[in-house]
Amino acid sequence: MLRMSNLFLRTLRDDPSDAEVASHRLLVRAGYIRRAAPGGFTWLPLGWIVYRNVERIIREEMDAAGFQEVHFPALLPKEPYEATNRWVEYGDNLFRLKDRHGNDFLLAPTHEEMFTLLVKGLYGSYKDLPLHIYQIQTKYRDEARPRAGLLRGREFVMKDSYSFDIDDESLDRSYHLHRDAYIKTFERLGLPTVIVSAMSGAMGGSASEEFLAPIDVGEDTFVRCSSCDYAANTEAVNVPVPDPIPLDGLPAAQVADTPKTPTIQTLVDHLNAHAEFNRPEGDWTAADTMKNVIVKLRHPDGTTEALAVGVPGDREVDEKRLGAHVEPAVLEPFGETDFAANPALVKGYIGPGALGTTGTSGIRFLVDPRIVEGTRWVTGANEPGKHVVDLAYGRDFTADGVIEAAEVLAGDECPNCGSPVEIRRGIEMGHIFKLGRKYAESLGLSVQDEAGKQVTPTMGSYGIGVSRAVAALAETNNDEYGLCWPREVAPADVHLVIAGKEGGPQRPAAEQLATELEAAGLRVLFDDREGVSPGVRFKDAELIGVPTIVVVGRGITDGLVEVKDRKSGERVDVPIGDVVDHLHAQT
RNA sequence: CGGGAUGUGGCGCAGCCUGGUAGCGCACCUGCUUUGGGAGCAGGGGGUCGGGAGUUCGAAUCUCCCCAUCCCGACCA
C-alpha cells in the first residue's frame with residue numbers, strides 16, 4: 001500500500017515553465033518524473049511504478065511470442081561499430097568517450113552489432129535458426145534537440161529485438177511474428193497505433209514499418225488513405241507514376257522571354273498576363289512548371305556533392321523526404337559561394353540543359369516520379385529572364401534518375417487506390433524492419449547449411465520505445481484536471497481519500513477499507529495525510545490519475561462511500577461493505 | 001548549426017530600463033483555528049541572483065566574454 005503520508009511525492013500547483021506538451025507538464029506536476037539533465041529524467045516512485053508496468057507488459061508479450069531476453073552493456077567499444085561503418089555514419093548523434101588507456105568507447109544508440117557478434121560467438125548451424133532474442137536497455141543518442149520531456153530524450157529505454165533466419169521466407173515469418181506481437185503489445189498497453197510503411201533509416205535494410213500513435217504533438221508525419229488501408233510515413237510515400245505520353249505530335253519546345261520571373265509565382269503570372277503564351281488548355285498554373293532545386297550532399301567520408309532535384313512547381317522540396325532518400329549523406333544548403341563556383345547555374349532560371357551528368361554544370365539531376373516521358377514543362381532556360389515552354393521529358397531532356405523529394409499534400413492520390421490521402425502527425429512507438437544481411441556480412445556471421453556450406457543469415461530488427469510509451473500514454477490519457485491512466489499501467493487501482501474532520505469516523509473506516517481492498521488484491525494509494533484540506537486531496541487525486549477514486553466522507557454515517565471513475569467522472573455511493581465486490585465487478 | 005527568448009530559494013514569478021539592505025505566491029517548519037473542491041491568522045527556515053572578467057565608493061541591475069535551458073527551424077528513434 002502506498003501511503004501519501006510518507007510517499008516520496010510533491011505535486012506542483014504550477015506547470016513547469018519549460019514543459020510544452022501535456023505529458024511532460026503533467027508527469028512533472030503530478031510527481032512522476034523530474035528533469036535531471038538535458039534530455040534526461042529521474043523517475044520518482046509513482047513514475048517508476050508506471051514505467052515498470054509498461055516494461056512488464058512489453059516483456060510479457062515478448063516472452064509470450066517465444067522471444068528470449070538477454071542484456072548487453074550500454075558502454076561498448078568502438079570496433080564493432082567501425083566494422084559496420086556506423087562509428088562514422090552515426091555522426092554527432094553518438095555519445096563517444098575514451099577510457100583511461102585512450103581507447104574509444106560509445107554509449108550504444110542501438111545494438112545490432114552486438115547481437116550479431118553474440119550469435120556469431122555461440123551459433124554455427126542452420127539448425128540453430130530461426131532465433132529471436134531481445135533486451136530492454138537504456139539507449140543513448142546525443143540528440144541535437146531533446147524535447148517534450150520523455151518523448152525525445154538523450155537517454156531513453158528501448159526494447160530491441162533481433163531475428164536471425166536462414167533465408168528470406170523464414171525472415172518473413174519472423175517479421176510477421178514480431179508484427180503480431182507488437183499489435184498485441186500496443187493493444188494491451190491501451191495505446192492506439194497506426195502501422196505505416198517507413199524508410200529503414202540509418203539501420204539499412206529493406207521492408208520496414210512503424211507503429212505510430214496518432215497524436216498531434218508527435219514528430220512524425222504520416223499519410224493515410226481516406227478509403228483503403230494504405231498508411232505511410234511521408235518519407236516513405238511513393239507517388240503514383242503517370243503513364244507516359246507519346247512524343248509524336250507534342251508541340252515543339254521554345255524559349256520564351258520571361259523577364260523578372262525568378263519565382264514560380266512570378267513566372268505563372270507573367271505567362272498568364274501575356275497573350276502570346278495563351279494555350280488551349282487554359283491558364284497556366286504552378287503545376288505546369290518544373291523547378292530545379294540545388295542542394296549539397298555531405299557524404300559520411302566528408303566529401304560533398306551537388307545534387308539537382310526537379311519537382312513540379314506547385315510543390316516544395318520536402319527536405320525530410322529528400323534527406324531520407326539520400327542517406328547516409330546529409331543535406332547542406334547550396335550557398336552563394338557554391339553558385340559562384342558553378343557559373344553554368346543561373347539562379348532563378350536553372351533548367352535541365354545545365355543539369356545532369358551530361359549538362360553544362362555536370363551536376364547529378366534527379367526528378368520527381370511525375371516527370372515521365374511525354375510530360376511537358378515550363379522551366380528555366382539557363383539564361384537570366386528566359387524560360388523554356390513545352391520542354392518534353394524524353395524528347396528535350398532527361399534526368400539521371402528519379403527521386404521522391406516533392407512534398408506530399410493532403411488530398412494527393414493514394415498510391416494504392418487513388419482516393420485522396422490525409423496527413424496526420426504521430427509519435428513513433430515501434431519500428432520493425434528487415435535488416436537483411438548487412439550486419440551479418442560486415443561482422444562475419446555465417447552458419448553451415450544442410451550441405452555443409454557456409455551461408456550468411458538474414459536479420460530483422462524490432463524496437464519499442466519503453467520510456468516513450470509512458471509519455472505517449474500520458475499524452476493520450478489526460479484531461480483538464482490531470483492524468484487518467486489505463487488500469488494496467490496505473491500506479492494503483494484505487495486512490496482512497498479521507499474527507500472528513502480529524503477525529504471523525506472517516507479515518508478508521510478508511511484504514512479498514514484500505515486493508516480490505518489490499519487483501520482483495522487491489523493496489524491501493526491511500527491519502528492518509530493529516531491536516532490536508534479536502535480540496536487538496538481531490539485535486540491531487542485527479543492530477544495523479546489513478547483509475548478509481550474512493551472517497552470516505554460524510555456518507556460514512558450512513559455506511560456509504562463514494563466511488564468515482566477518474567476517466568468518466570461518474571460517481572456512485574456504495575455501502576462500504578460492498579466496495580470490494582463493486583470494484584472487482586469493474587476491473 | 002541558424003533565428004528568438006530566458007537564466008533570481010524546491011516550483012511559478014517580480015525586481016533590471018533609472019546601480020544603494022534580495023522580494024512575492026506556492027511548497028516547507030512551529031502554533032492556534034479550519035476540514036467535501038488547491039483554507040485563515042501569527043511566527044519562521046532556506047537564495048554565491050547561471051559563470052567569469054570589467055566599470056563603480058557600491059552591481060541581480062551597466063559593459064564584454066562564456067555557459068546553460070526553452071521555443072522555431074535544421075538534424076534525428
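In what follows, chains are A, B, ... by sequence order, proteins preceding strands, each numbered from 1.
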Query raised in the report: Where the side chain of A:Asp14 is defined as all heavy atoms beyond and including C-beta, which of B:G25, B:G36, B:U69 is the nearest nucleotide?
Result: B:G25
Query raised in the report: Going by modelled atom types, is there a donor-acceptor pair between the base of B:G37 and the side chain of A:Glu542 at under 3.5 Å?
Result: yes
Query raised in the report: Just how far, in rounded Å, is C1' of B:C76 from NZ of A:Lys139?
Result: 16 Å
Requested in this report: Under 4.0 Å between any heavy atoms, over every strand shown, what does A:Gly553 touch: base, sugar-phosphate, or nothing? Just pick one.
Outcome: base
Report summary line: Answer for the Watson-Crick or wobble partner of B:U63, both distances under 3.5 Å, is B:A53
**Report entry** Nearest-nucleotide pick for A:Ser533, side chain only, options being B:A27, B:A39, B:A77
**Finding:** B:A39
**Report entry** Nucleotide opposite B:G25 in a Watson-Crick or G-U pair, distances under 3.5 Å
**Finding:** B:C11
**Report entry** Mate of B:A68 where both pairing distances stay under 3.5 Å, Watson-Crick or G-U
**Finding:** B:U6
Query raised in the report: Between B:A27 and A:Arg13, is there an OP1 or OP2 to side-chain N/O distance shorter than 4.0 Å?
Result: yes
Query raised in the report: Between the base of B:G38 and the side chain of A:Arg29, is there a donor-acceptor distance below 3.5 Å?
Result: yes
Query raised in the report: Can the ring centroids of A:Trp48 and A:Phe8 be said to lie less than 6.0 angstrom from one another?
Result: no
Query raised in the report: Does A:Thr11 have a side-chain nitrogen or oxygen under 4.0 Å from the phosphate oxygens OP1 or OP2 of B:A27?
Result: no
Query raised in the report: Tell me, do A:Phe211 and A:Leu191 make a side-chain contact under 4.5 Å, heavy atoms counted?
Result: no
Requested in this report: Return the nearest nucleotide to the side chain of A:Glu502; candidates are B:C26, B:A77, B:U35.
Outcome: B:U35
Report task. Can you check whether any acceptor in the base of B:A77 is under 3.5 Å from a donor in the side chain of A:Arg152, or vice versa? Result -> yes
Report task. Could you tell me the separation between the CG atom of A:Leu94 and the C1' atom of B:C75, rounded to a whole number of Å? Result -> 15 Å
Query raised in the report: Just wondering, do A:Phe156 and B:A77 stack (centres under 5.5 Å, planes under 30°)?
Result: yes
Report task. Sort out the partner of B:U30 for me: Watson-Crick or G-U wobble, both distances under 3.5 Å, none otherwise. Result -> B:A42
